[in-house]
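Written below as structure tokens is the structure these notes are about.
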Protein chains: 4
Amino acid sequence: MMRSVPGLAEAQAVAPGLSERAAAHDREGRFPAADLEALREAGLLGLMVPERLGGLGASFADYAEVAMAIGAASGATALVFNMHASITGAMARTPDGLLKALGAPETALSRRDEALAAASKGSLYSVAMSERGSGARLSALSTTYWPENGGFRIRGTKSFVSGAAFADTFLVAARADSGSDARGPDESGTSSPLPPRVSYFLVPADKGCRVEQSWDSLGMRATGSDDVHIDASVDSGALLGGIEGLALPLAQLMPQWLVASYAAVYVGVAQAALDAAVAHCSGRLGALPAVRARIGRADAAVAAARLVVLEAARAVDAAPGAAATNRWVWRAKLVAGETAAEVASSLLEAAGSSAMRRGHPLERLYRDARCGSLQPATSDVCADWLGLAALGRDPALDAAEPRW
Amino acid sequence: MMRSVPGLAEAQAVAPGLSERAAAHDREGRFPAADLEALREAGLLGLMVPERLGGLGASFADYAEVAMAIGAASGATALVFNMHASITGAMARTPDGLLKALGAPETALSRRDEALAAASKGSLYSVAMSERGSGARLSALSTTYWPENGGFRIRGTKSFVSGAAFADTFLVAARADSGSDARGPDESGTSSPLPPRVSYFLVPADKGCRVEQSWDSLGMRATGSDDVHIDASVDSGALLGGIEGLALPLAQLMPQWLVASYAAVYVGVAQAALDAAVAHCSGRLGALPAVRARIGRADAAVAAARLVVLEAARAVDAAPGAAATNRWVWRAKLVAGETAAEVASSLLEAAGSSAMRRGHPLERLYRDARCGSLQPATSDVCADWLGLAALGRDPALDAAEPRW
Amino acid sequence: MMRSVPGLAEAQAVAPGLSERAAAHDREGRFPAADLEALREAGLLGLMVPERLGGLGASFADYAEVAMAIGAASGATALVFNMHASITGAMARTPDGLLKALGAPETALSRRDEALAAASKGSLYSVAMSERGSGARLSALSTTYWPENGGFRIRGTKSFVSGAAFADTFLVAARADSGSDARGPDESGTSSPLPPRVSYFLVPADKGCRVEQSWDSLGMRATGSDDVHIDASVDSGALLGGIEGLALPLAQLMPQWLVASYAAVYVGVAQAALDAAVAHCSGRLGALPAVRARIGRADAAVAAARLVVLEAARAVDAAPGAAATNRWVWRAKLVAGETAAEVASSLLEAAGSSAMRRGHPLERLYRDARCGSLQPATSDVCADWLGLAALGRDPALDAAEPRW
Amino acid sequence: MMRSVPGLAEAQAVAPGLSERAAAHDREGRFPAADLEALREAGLLGLMVPERLGGLGASFADYAEVAMAIGAASGATALVFNMHASITGAMARTPDGLLKALGAPETALSRRDEALAAASKGSLYSVAMSERGSGARLSALSTTYWPENGGFRIRGTKSFVSGAAFADTFLVAARADSGSDARGPDESGTSSPLPPRVSYFLVPADKGCRVEQSWDSLGMRATGSDDVHIDASVDSGALLGGIEGLALPLAQLMPQWLVASYAAVYVGVAQAALDAAVAHCSGRLGALPAVRARIGRADAAVAAARLVVLEAARAVDAAPGAAATNRWVWRAKLVAGETAAEVASSLLEAAGSSAMRRGHPLERLYRDARCGSLQPATSDVCADWLGLAALGRDPALDAAEPRW
């Protein structure tokens with residue numbers, strides 16, 4: 001508790017502005033450009049970047065604290081920030097040794113450092129992974145790539161790309177075109193039953209990426225999670241880690257970046273709902289026992305979810321990718337998503353019909369809060385994985401759904 | 001089961017059109033004028049009007065069936081219809097004997113018949129009862145009236161007036177101005193601790209009523225439940241029943257018109273959510289056990305809520321105002337409101353993130369469904385009343401909140 | 001509503017005695033012999049027997065009303081009665097035409113009439129179907145039979161045989177020994193992948209049946225649902241319907257006798273918990289809002305469950321075995337089982353720690369109520385089937401678990 | 001995390017024995033004498049005693065860890081241990097300065113040290129506070145005391161005295177007899193509306209205490225929480241702190257000893273239920289998605305409850321009695337109690353009917369787990385207090401029920 005959390009003071013400083021703008025961003029379904037500018041000026045785009053590269057050098061636990069603070073002010077902004085933090089965090093915190101063991105060349109490491117340094121100077125990253133139809137399952141992607149002119153050509157359409165219109169660079173997941181020689185020399189080329197080789201690329205937004213403004217959703221409306229149509233030629237250095245096929249191993253080894261980082265945002269949203277309900281009910285309503293009971297139970301639930309997210313974050317820092325860590329990651333996603341939805345729904349009921357008017361914080365938070373459980377891995381999927389793990393089975397093999 | 005339900009075939013005939021327009025009405029928060037026209041042309045504005053006055057002569061149980069069918073097509077339209085049906089139903093089904101016992105003059109009965117006949121010809125009624133601050137509690141109204149020029153002058157502002165901009169006539173609840181002689185000859189005029197005398201008036205919309213387009217809500221967006229500013233002079237025949245102070249006795253005697261009529265609408269909404277989820281999940285998603293379990297549990301919950309609403313409606317027809325009937329009325333409101341909200345939330349989770357896109361039926365139904373528990377009497381209030389009644393206490397005396 | 005329900009007055013007359021003895025039967029885990037005697041004297045063992053055979057000629061809906069009344073007095077006694085009523089009801093209400101179409105000889109029908117007449121004279125039937133390991137799945141039975149001396153020899157061990165020590169006759173489900181010629185002339189005898197041929201036998205309790213007093217359970221302790229070791233030789237007339245392989249078709253065609261008949265019992269148990277809580281909380285506790293809310297919500301839930309069970313029962317009478325009927329049957333099982341458990345748990349909490357003392361009705365009802373969801377088909381299985389049916393799939397083919 | 005938790009290794013060492021005996025103790029409702037002996041031999045009766053007095057010097061957080069470990073092995077034994085630890089912990093950790101500020105003489109401190117030293121030598125303390133009718137509310141006690149022969153005479157009957165028959169010393173709460181001069185020189189003696197003066201005494205079990213074996217409960221059957229009839233003469237040193245009227249201030253200042261210490265026990269019980277369910281479902285059942293989902297959700301819920309209890313314990317150590325600490329204490333009680341009950345119920349359903357047999361761990365744990373929410377302060381009371389605190393009100397003034 002002694003050590004201060006890197007970025008937390010900065011997050012708390014920008015929070016009031018974010019909070020003030022949240023209603024307007026939600027109403028218009030507008031990407032929170034002003035919020036992004038505030039985060040950039042506060043240096044928070046460098047939150048996960050090592051200090052040697054100009055960043056704040058935050059741990060995953062630090063990130064969770066910062067994300068909760070931002071999420072309590074604006075859930076949508078926190079989700080955009082979360083994508084950026086996940087990319088920079090995964091780059092910063094994947095050990096060099098692991099990358100080398102997977103075959104990463106030295107040049108890939110320096111390219112990565114450049115990418116991180118750019119973030120600390122204010123460059124925004126966004127994740128272009130999901131696709132219509134396949135959802136977030138890496139194994140079912142239809143975006144493909146193949147070698148071309150010493151680099152790669154990537155083609156496909158991504159959806160749910162948060163902050164797409166404002167991103168400087170996309171992290172694009174793509175599948176090696178099976179007709180190409182992309183599989184490299186160690187494979188036979190025969191039609192093997194191997195899983196598809198899925199690679200990550202850092203694609204500059206101005207290189208063959210076209211954003212289609214398609215986002216218009218129930219909640220988290222200001223994330224601008226538009227579709228992105230990609231037909232890009234990139235140099236060989238754009239291949240993340242310099243290794244093809246990195247996506248699935250990273251998903252298995254470090255699910256926190258795909259799963260748990262959302263969780264902190266939704267604890268923030270749940271906290272905001274509690275604060276808004278307390279403000280709304282401070283008068284006559286607060287004297288009603290049924291209202292007090294709803295607020296009291298919400299208070300306990302939010303406090304519990306916060307602890308679970310922080311514990312998961314600590315586990316990620318201490319033993320990233322360990323089986324026990326991954327269980328904490330799934331618990332965090334499950335508990336945060338369900339708590340946010342339940343708390344916001346109950347508190348809206350406590351506040352009564354006047355809180356249903358658009359523009360009332362609880363009206364927006366009720367919609368925002370519902371999104372958490374539905375983001376991958378969904379609550380039902382997390383429950384399945386946790387059950388399998390408790391039973392000593394392997395979620396990677398036995399789950400009701402393909403895992404990634 | 002043999003006898004056909006009056007109005008049900010008509011409701012089923014207009015339902016597809018309502019359903020088709022629901023998304024647009026929701027998006028624009030626009031009153032469903034085309035829906036109203038369809039209901040009018042189908043003769044459904046006369047649903048509750050006795051056949052001798054040109055109506056369909058529906059019972060409360062008939063109304064519940066019709067309201068479920070309309071609600072499944074468009075919750076907002078069903079709520080507007082519900083207000084009209086509540087006014088015409090209460091007028092049609094309050095026994096002449098009761099009105100006479102309360103002091104109603106003969107002229108009031110013929111005036112009522114005229115009002116009912118107008119409904120069967122397509123005149124729309126709307127309830128102007130709630131006010132900001134007092135909610136739906138009759139005892140806390142600030143709209144007042146006093147005698148003037150042989151009739152009455154009414155002044156105040158109402159909120160949550162569904163369909164305000166399209167209503168031909170408002171049912172206005174107002175409190176006798178304590179400074180006036182409105183209390184009549186049988187009272188002393190001294191500052192007694194008597195409850196306020198609250199009366200109902202039928203006020204033509206074009207006589208001193210100004211609609212302020214203020215409605216902009218989470219769900220049920222197309223009801224156009226705007227504010228209405230009233231400064232109206234009406235003739236003496238506008239006083240409902242010809243009796244001052246009728247509002248509280250009617251609320252006590254026939255709570256169904258204030259409480260239970262909503263319930264059927266929300267069962268319709270829950271059914272629509274189930275149908276939309278089944279359509280959405282008929283492919284790959286339907287093979288997932290967690291999705292099936294959500295749909296299966298929703299199916300059972302909706303079926304149960306439907307039975308409760310129909311049982312309450314039968315009780316209202318058989319013994320309106322009886323203590324046992326009122327318990328069914330509260331049960332119907334509680335069960336329908338909670339079922340709709342829970343079912344829609346769980347089914348949205350089953351359907352996944354693609355169903356969160358605006359325009360997807362589940363996105364709208366999730367917001368619409370949340371409104372039921374919050375409409376008065378709220379779920380928490382119904383639970384309190386049911387608990388008191390089970391314990392042999394009197395909700396009118398012992399409830400945690402003033403009842404009306 | 002005019003017509004009186006056969007057996008209901010009799011059930012109400014014996015209920016106070018059952019209720020009075022329930023605590024002692026529970027404490028000692030003793031079969032309720034005195035209750036059985038009371039039911040017998042009241043003629044209720046003939047409830048489902050046609051009037052032409054000396055019985056009361058009750059429909060399934062009548063049975064549901066009677067079972068709720070008995071269940072409210074003593075859940076355990078109602079479960080024993082339920083087994084008897086299921087056997088006699090299934091025999092009485094399986095149409096002769098269906099049996100003949102399945103191949104039943106004329107003698108089987110007269111044998112069935114004798115069996116029914118015996119019930120109306122006070123003979124008790126009990127179901128010997130479940131086995132350890134296979135649960136209630138007919139397809140996994142290990143009890144076998146084979147032809148011997150013109151009749152059949154049956155051997156195996158059954159568990160969960162309610163009222164075993166007091167039954168006059170067991171309905172035994174057994175699988176044709178694959179080594180025998182029991183499959184009859186129309187089959188090849190080669191090891192085909194056909195489902196096992198499972199037949200029902202009426203086996204007199206004193207013919208090779210030994211009861212092992214093994215029942216000692218959390219709740220429903222007085223059912224005496226002991227193990228029965230069977231090594232019996234029966235004449236050919238003991239084969240139910242005179243047809244081998246009848247069990248699976250009957251389970252498919254008339255699931256109500258395996259699934260829904262429990263449901264009414266648990267609505268009775270839930271009602272008893274509500275009544276006990278009201279009695280316990282009539283003083284100081286009833287003034288607490290949290291207590292009232294628990295009682296109010298329980299009241300609504302029990303009322304809803306009762307309606308679902310009665311609707312399912314009416315559907316069974318109107319169209320037994322129809323797909324729509326079976327969905328009502330599963331809804332009834334699901335809703336009744338979950339309602340009983342949730343209501344009893346919440347009401348125990350309302351009543352507080354003094355209600356946890358053994359001998360307090362809520363202490364027993366809390367344990368009894370938990371058993372409903374766990375009896376086959378469990379709540380999770382019913383939810384799966386309902387989800388499949390809603391999605392237009394066939395629970396018999398697509399369910400997560402084998403159905404019977 | 002480096003520092004080892006005092007007593008945890010000892011608790012883990014005795015746990016298997018406790019676990020093995022739990023079923024028998026439950027069945028016979030017998031106090032776990034062998035467990036007590038094991039705890040005594042392991043030195044755990046001195047857990048909360050300062051090292052200078054021969055104890056292990058555990059903090060509240062240490063206690064929580066130990067109580068979870070014991071609770072996972074045997075809930076009933078953990079509750080008996082909890083009472084002892086609460087008394088010794090409260091004595092050990094109430095600051096001397098606070099006691100002196102409240103008026104404690106020097107002799108009271110040395111007397112307290114003697115009492116603590118006795119615990120570290122194996123003397124067992126038990127709480128004799130609750131009474132029939134008043135529950136755990138100190139303000140409603142009927143046990144009284146008055147000065148006699150230079151000491152005190154205490155008379156009354158206590159209930160829910162865990163481990164009564166094996167306790168060496170009772171902590172007795174008693175109200176000053178209003179007819180006596182017990183109020184001391186600083187009060188007028190006029191019949192003032194002052195709250196009753198409630199004092200604590202350490203009464204040797206062999207001095208005028210008679211245990212009546214009355215305990216026979218749904219769950220936690222082995223605590224032997226019998227009634228104790230007291231008619232005791234004690235010397236003046238038996239008055240805790242040497243100060244009359246200490247009970248209410250201590251309850252306000254250190255609610256953790258009355259409220260939160262239970263919480264850890266119920267997390268242990270919930271963990272035991274999870275472990276038992278995993279063991280039970282490791283075969284065929286674990287392949288069923290519905291079973292896995294129940295186990296997965298239980299896993300997350302138990303993990304969350306554990307974190308809440310540990311956080312509350314840390315807050316108690318860091319700032320005992322602070323408003324923020326007390327909110328953590330109520331959250332811990334609420335979350336642990338509800339989690340245990342819900343988890344055990346859901347897991348029993350996952351395990352199926354074979355787990356309902358008496359002697360199966362889940363059967364016992366289901367009953368044990370239900371007790372947590374009902375122990376004071378109940379879940380509903382905690383929710384009310386938390387709601388009041390969140391709204392900035394004072395639970396001591398505004399709660400729906402008198403607080404102590």
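Side-chain atoms are counted along with the backbone in the values below, which use heavy atoms only and exclude waters and symmetry mates. Every chain is numbered from 1 and lettered A, B, ... according to where its sequence line falls, protein lines coming before strand lines.
Looking at A/A298, there are no atoms closer than 4.5 Å to chain D (heavy atoms on both sides), in backbone or side chain. If you measure heavy-atom distances from D/R294 to chain A, you find no contacts under 4.5 Å at all. The part of D/R393 that comes within reach of chain A is its side chain, from C-beta onward, which places non-hydrogen atoms under 4.5 angstrom from that chain. In this structure, chain D has no heavy atom under 4.5 Å from any part of A/R306.
Chain D forms more heavy-atom pairs under 4.5 Å with one residue of A/G387, A/G392, A/A305 than with any other, namely A/G387. Note: D/L391 leads D/V291, D/V308, D/L391 in heavy-atom pairs under 4.5 Å with chain A.
Scanning residues 265-281 of chain D against chain A with a 4.5 Å non-hydrogen threshold yields D/V278, D/C281, sorted by number. Contact residues of residues 334-347 of chain D toward chain A are D/L334, D/V335, D/E338 (heavy-atom distance under 4.5 Å).
Contact check on D/D380 versus A/R297 returns a salt bridge, with a Lys/Arg side-chain nitrogen under 4.0 Å from an Asp/Glu carboxylate oxygen.
Annotation for A/A383 and D/A293: closest pair CB-O, 4.2 Å, computed over non-hydrogen atoms.
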